[in-house]
Asker: 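Okay, handing you the structure first.
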Amino acid sequence: MSGGIVESLRVEDLSYSYGTGSLARVVLKKVSFSVSEGEVIIITGPSGSGKTTLLTIIGAMRPFREGSVQFQGHDLAGMTESGLLDVRQRIGFVFQRHNLLKSLPVIENVESGLHLLPETDKEMNRMRAEAMLEAVGLGGRGADYPENLSGGQQQRVAVARALVRMPDMIIADEPTAALDAESGRKVMDVVRHVATQLGCTVLISTHDERIFDVADRRLHIEDGMLQAAH
């Protein structure tokens, strides 16, 4: 597809259940959609609708048996553990809780996003972390500890940690749920801007209507099925 839109992710007929037999609870029912490189997608739906389950499957963190998930042309179904690890290393994860390491200064928290990558170089890691902190508007705060930052600033550090590895895809699960309106907007503007610069795909699960406008497209899940966004 040279010169045109490049598909980054394709989900086809994905179904998922918890439990087996009479105790089985169906969470996803034949979910199908595709996402292009650089596209920002928001996934909405009530609690328990399957949003987080969908994201953990796409992020190669949860095995599945029914359907297909292709990330950059490679099907996650049947992949070896090393193959799944490679996929996870190409994804930046941002969660509702920033999960920063309180004992480390901000710059080292961002660098921790690089530690599992092959052929990491200490000096290069520091340069990349500093550049990413600058990109999220926290260039002068690298020596501070997380406790000295506001909730919104801590979440921006978490975004920097996810983006520092230059991922092919960002998965964000309720990233603004614990933030006020202004902080949430700043976090999502950063995600949108830096993701556009990197050309990476972004999937965001959220209830936060205040950030719907950052997306190119919105998907809605209810009762485990994709429905028209409303």
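Fair warning: this is a prediction, and the values are worked out from it, not measured in the lab.
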Asker: Are any of the side-chain heavy atoms of Leu9 and Gln70 separated by less than 4.5 Å?
Answerer: no

Asker: Listed by chain and number, what are the ring pair (Phe, Tyr, Trp, His ring centres under 6.0 Å) partners of Phe71, not counting sequence neighbours?
Answerer: none

Asker: Once rounded to the nearest 0.5 Å, what's the spacing between atom CD1 of Ile171 and atom OG of Ser205?
Answerer: 10.5 Å

Asker: Ignoring hydrogens, what is the shortest heavy-atom contact between Leu101 and Pro146? Give both atom names and the distance.
Answerer: O-CG, 3.8 Å

Asker: Side chains of Val35 and Leu203: does their closest heavy-atom pair fall under 4.5 Å?
Answerer: yes

Asker: Do the ring planes of Tyr16 and Tyr18 sit parallel (below 30°), tilted (30 to 60°) or perpendicular (above 60°)?
Answerer: perpendicular

Asker: Any salt bridge linking Asp189 with Lys186? Criterion: basic side-chain nitrogen under 4.0 Å from a carboxylate oxygen.
Answerer: no

Asker: Is the shortest side-chain heavy-atom distance between Gln155 and Leu179 below 4.5 Å?
Answerer: yes

Asker: Supply the atom-to-atom distance Arg161 CZ to Leu133 CG, rounded to the nearest 0.5 angstrom.
Answerer: 11.5 Å

Asker: Rounded to the nearest 0.5 Å, how far does CD1 of Ile57 lie from CG of Leu28?
Answerer: 5.5 Å

Asker: Quick one: pull up CZ in Arg218 and NE2 in His220 and give me the separation to the nearest 0.5 Å.
Answerer: 8.0 Å

Asker: If Ile, Leu, Val, Met, Phe, Trp and Tyr residues are connected whenever their side-chain heavy atoms lie under 4.5 Å apart, and connections chain through other members, are Met166 and Val159 in the same group?
Answerer: yes

Asker: Same cluster or not: Met225 versus Leu55, using hydrophobic residues (I, L, V, M, F, W, Y) connected whenever any side-chain heavy atoms lie under 4.5 Å apart?
Answerer: no

Asker: Is it true that Arg88 and Glu81 have a side-chain N and a carboxylate O under 4.0 angstrom from each other?
Answerer: yes

Asker: Could you give me the CA-CA distance, side-chain angles and deciding distance for Val26 and Lys29, then say whether side chain to side chain contact (heavy atoms under 4.5 Å, CB included) is met?
Answerer: CA-CA 7 Å; Val26 179; Lys29 304 172 186 175; 3.4 Å; yes

Asker: Rounded to the nearest 0.5 Å, what separation is found between the CD atom of Glu108 and the OH atom of Tyr145?
Answerer: 7.0 Å

Asker: Hey, does the side chain of Arg165 reach the backbone of Leu114 with a donor-acceptor pair shorter than 3.5 angstrom?
Answerer: no

Asker: Run the side chain to side chain contact (heavy atoms under 4.5 Å, CB included) test on Phe33 and Leu54 for me, step by step, so that the C-alpha distance in whole Å, both residues' side-chain angles and the decisive distance to 0.1 Å come before the verdict.
Answerer: CA-CA 12 Å; Phe33 65 95; Leu54 176 62; 4.0 Å; yes

Asker: If you draw a 6.0 Å radius around CE in Met61, do more than 12 non-hydrogen atoms from other residues or ligands fall strictly inside?
Answerer: yes

Asker: Is it true that Asp213 and Arg192 make a salt bridge, defined as a side-chain N closer than 4.0 Å to a carboxylate O?
Answerer: no

Asker: Under 4.0 Å between a Lys/Arg side-chain N and an Asp/Glu carboxylate O for Glu147 and Lys102?
Answerer: no

Asker: Within the structure provided, determine whether Met188 and Thr206 are in side-chain contact (heavy-atom separation under 4.5 Å).
Answerer: no

Asker: Would you please say whether a donor-acceptor pair under 3.5 Å links the side chains of Asn109 and Ser112?
Answerer: no

Asker: Measure the shortest side-chain to side-chain distance between Ser15 and Lys30 over non-hydrogen atoms and say whether it is less than 4.5 angstrom.
Answerer: yes

Asker: Okay, side chain of Arg185, backbone of Arg210: is any donor-acceptor separation there less than 3.5 Å?
Answerer: yes

Asker: Run the salt-bridge test on Glu12 and Arg10 with the 4.0 Å N-O cut-off and return the result as yes or no.
Answerer: yes

Asker: Taking side chain as C-beta onward, heavy atoms only, is Val157 less than 4.5 Å from Leu138?
Answerer: yes

Asker: Taking all atoms of both residues into account, what is the closest heavy-atom pair of Leu149 and Arg141, and its distance?
Answerer: CD2-NH2, 3.2 Å

Asker: Do Arg156 and Gln153 touch side chain to side chain, with heavy atoms closer than 4.5 Å?
Answerer: yes

Asker: Nearest heavy-atom pair of Phe93 and Ala162: which atoms, and what distance?
Answerer: O-CB, 3.6 Å

Asker: I need the minimum non-hydrogen distance between Pro105 and Ala143, along with the two atoms involved.
Answerer: CB-O, 3.8 Å

Asker: So, for Met132 and Leu163, which heavy atoms are closest and what is the spacing to 0.1 Å?
Answerer: CE-O, 3.6 Å

Asker: Are Arg25 and Ser17 close enough that some pair of their side-chain heavy atoms sits under 4.5 Å apart?
Answerer: no

Asker: Could you report the tightest heavy-atom contact between Pro175 and Val94, atom names first, then the distance?
Answerer: CB-CG1, 4.1 Å

Asker: Indicate, with yes or no, if Ile170 and Phe212 share a hydrophobic cluster defined by side-chain heavy-atom contacts under 4.5 Å among Ile, Leu, Val, Met, Phe, Trp and Tyr.
Answerer: yes

Asker: Once rounded to the nearest 0.5 Å, what's the spacing between atom CG of Asp168 and atom CD1 of Ile91?
Answerer: 8.5 Å

Asker: Check the pair Glu39, Val202 against side chain to side chain contact (heavy atoms under 4.5 Å, CB included), reporting the backbone distance first and the verdict last.
Answerer: CA-CA 6 Å; Glu39 195 173 13; Val202 183; over 6 Å; no

Asker: Is the backbone of Asp86 close enough, under 3.5 Å, to the side chain of Gln89 for a donor and an acceptor to pair up by distance?
Answerer: no

Asker: Checking side chain to side chain contact (heavy atoms under 4.5 Å, CB included) for the pair Glu209/Thr44: CA distance, chi angles, key distance, verdict?
Answerer: CA-CA 9 Å; Glu209 296 182 9; Thr44 59; over 6 Å; no

